[in-house]
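Predicted model, so just to flag it, every value in this text is computed and none were measured. Below, all heavy atoms of this structure are taken into account, side chains as well, without hydrogens, waters or symmetry copies.
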Amino acid sequence: VHATDDDGLGLLPNASGFLVVGCCANGDPILIDAREDIGSVWYAGFESMHHGTPLRQAAIRVADDLAAWYNGREDGTVPG
C-alpha cells in the first residue's frame with residue numbers, strides 16, 4: 001500500500017487507526033492498533049477486506065501487544 005489518499009483497502013493509519021507492522025507469508029497485513037486498544041496486535045485477511053467493509057470490522061485481534069504476539073508465534077497459538 002502506498003502512502004497516498006488513494007487507499008482502497010483502508011490501510012492508512014488516519015483511515016483505520018492501525019499501523020501496518022508486517023505481513024504473513026501470503027501478504028495479509030499484521031497491524032498494531034494506534035487508536036482504540038492501543039498496542040494490541042491484529043490480523044487482516046485480504047479475503048475479508050472488500051466491499052467497503054471498514055478495516056476495523058474485517059480485522060481480528062490476535063494479541064494484547066507485540067510481545068504476546070511474538071510469543072504466540074513461537075508456540076503456534078496466533079497467526080502471523
Side-chain angles (χ1 to χ4, degrees):
V1 172
H2 298 283
T4 68
D5 289 336
D6 185 21
D7 177 29
L9 296 177
L11 287 173
L12 289 178
N14 62 341
S16 67
F18 289 116
L19 301 173
V20 178
V21 295
C23 63
C24 297
N26 68 351
D28 290 344
I30 301 296
L31 313 161
I32 298 292
D33 192 338
R35 183 177 293 156
E36 294 181 16
D37 189 9
I38 296 173
S40 60
V41 181
W42 296 64
Y43 163 83
F46 281 116
E47 299 82 9
S48 62
M49 298 168 60
H50 55 82
H51 305 297
T53 302
L55 183 57
R56 191 159 294 275
Q57 290 177 2
I60 300 167
R61 187 178 186 278
V62 294
D64 291 337
D65 55 36
L66 278 174
W69 177 77
Y70 180 79
N71 292 332
R73 287 287 301 130
E74 289 292 305
D75 64 22
T77 59
V78 300

Q | Flag side-chain contact, heavy atom, 4.5 Å: Ile60 against Trp42 | A | no
Q: Just jot down the side chain to side chain contact (heavy atoms under 4.5 Å, CB included) partners of Gln57, sequence neighbours excluded, or say none.
A: Thr53, Pro54
Q: State the CG-CG distance between Asp65 and Asp33, to the nearest 0.5 angstrom.
A: 12.5 Å
Q. Is there a side-chain contact between Val41 and Ile32, using heavy atoms and a 4.5 Å cut-off?
A. yes
What pairs of donor and acceptor atoms, side-chain ones from residues 21-30 against any protein atom, are under 3.5 angstrom apart with sequence neighbours left out?
unit_1, atom_1, unit_2, atom_2, d
Asn26, OD1, Asp28, N, 3.1
Asn26, ND2, Asp28, OD2, 3.1
Asp28, OD1, Phe46, N, 3.1
Asp28, OD2, Tyr43, OH, 2.5

Q.
List the residues meeting side chain to side chain donor-acceptor pair (under 3.5 Å) with Arg61, not counting sequence neighbours, and say none if there are none.
A. Asp37, Asp64
Q: Please list, chain by chain and in numerical order, all residues satisfying side chain to side chain contact (heavy atoms under 4.5 Å, CB included) with Ala34, sequence neighbours excluded.
A: Leu19
Q) Looking at residues at least two apart in the chain, or sitting in another chain, which of them share a salt bridge (charged side-chain N to carboxylate O under 4.0 Å, His left out) with Glu36? A) Arg56
